[in-house]
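Here the structure comes first, spelled out in structure tokens, and everything after it is commentary.
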Amino acid sequence: MQQALEIAKSALASGDVPVGALILNPDGKVIASGHNRREVDNDPSAHAEIVAIREAAQKNKSWRLDDHTIVVTLEPCAMCAGAIAQSRIKTLVFGAWDLKAGAVGSVWDVLRDPRAPHRVEVISGVNESECAALLSEFFKNYR
């Protein structure tokens with residue numbers, strides 16, 4: 001999670017919300033990373049998770065990321081939770097809860113919905129206070 005926090009800080013230079021993500025292969029090696037790029041790319045889908053998933057799929061030459069783990073500083077939104085499920089990622093680890101748009105337990109629970117065809121193991125609250133503090137500081141200065 002510390003590495004994901006450092007990645008998140010990279011978003012600050014472009015004025016993006018500081019969210020960072022990284023993907024580990026089944027051997028535990030980081031193969032991809034991303035931070036929010038919506039502002040710099042003018043792309044509403046350029047969330048940290050999507051950026052990292054795209055990079056991992058390109059490196060693997062496959063959209064299937066079976067047995068991979070994604071680590072994210074903020075609870076994924078519905079779009080990102082859907083992308084995590086669609087890419088068949090095995091495990092999600094996240095830091096801070098998103099009480100406004102979180103889709104892994106806060107507002108919705110896309111990944112653990114019993115109707116979903118793919119199940120993702122979810123580990124939440126890792127370095128939660130540090131992840132939340134980075135976001136709180138950003139929005140305090142932003143507003």
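FYI, side chains are in, hydrogens and waters are out, and symmetry mates aren't considered; it's all heavy atoms of this structure.
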Beyond-backbone contact of Arg54 with Ser45, side-chain heavy atoms, under 4.5 angstrom: yes

Leu74 side, atom CG; His47 side, atom NE2 - distance, nearest 0.5 Å: 10.0 Å

Cluster check Met79, Leu99: I/L/V/M/F/W/Y, side chain < 4.5 angstrom: no

Side-chain donor/acceptor of Glu75 to backbone N/O of Ser106, under 3.5 Å: yes

Distance in Å, Lys100 NZ paired with Cys77 SG, rounded so as to fall on 0.5 Å steps: 15.0 Å

From CA spacing to verdict: side chain to side chain contact (heavy atoms under 4.5 Å, CB included), Arg38, Asp43: CA-CA 5 Å; Arg38 292 184 309 168; Asp43 179 355; 5.9 Å; no

Closest non-hydrogen atom pair between Gly20 and Ala8, with its separation: N-CB, 3.3 Å

Ser14 and Glu39: side chain donor to acceptor below 3.5 Å: no

CZ on Arg64 to CD1 on Ile89, rounded to 0.5 Å: 13.0 Å

Exercise: identify the closest heavy-atom pair between Pro76 and Ala81: CB-N, 4.0 Å

Under 3.5 Å donor-acceptor, Asn36 side chain and Ala48 backbone: yes

Any side-chain heavy-atom pair of Trp63 and Gln86 under 4.5 Å: no

Modelled atom types, side-chain donor and acceptor of Ser62 and Asn60, under 3.5 Å: no

Heavy-atom closest contact (Ala56 atom, Ile23 atom, distance): CB-CD1, 3.8 Å

Cluster overlap Val71 with Ile123, hydrophobic side-chain contacts below 4.5 Å: yes

Considering all heavy atoms, the nearest Met1-Gly95 contact: CE-N, 3.5 Å

Hydrophobic cluster membership, Leu111 vs Val19, 4.5 Å side-chain cutoff: yes

Spacing of CD belonging to Glu55 relative to CG belonging to Leu22, to within rounding of 0.5 Å: 10.5 Å

Minimum heavy-atom distance between Pro18 and Thr73, given as atom pair plus value: O-OG1, 4.1 Å

Nearest-0.5 Å distance that lies between atom CG in Asp16 and atom NE2 in His35: 7.5 Å

Donor-acceptor under 3.5 Å (Asn127 side chain, Glu130 main chain): no

Any donor-acceptor pair under 3.5 Å from Arg119 side chain to Ala116 backbone: yes

Distance in Å, Asp98 CG paired with Cys80 SG, rounded so as to fall on 0.5 Å steps: 10.5 Å

Under 3.5 Å: donor-acceptor pair, side chain of Asp113, backbone of Arg115: yes

Smallest separation among heavy atoms of Phe138 and Gly15, with atom names: CZ-O, 3.7 Å

Ile70 reachable from Ile31 in the ILVMFWY side-chain graph, under 4.5 Å edges: yes

Steps toward side chain to side chain contact (heavy atoms under 4.5 Å, CB included) verdict (Lys90, Thr69): CA-CA 6 Å; Lys90 180 180 180 181; Thr69 298; 5.7 Å; no

Shared hydrophobic cluster, Leu65 / Ile50 (ILVMFWY, side-chain heavy atoms < 4.5 Å): no

Option from Leu92, Val72, Val120, Ile84 for which side-chain contact (heavy atoms from CB on, under 4.5 Å) with Val104 holds: Leu92

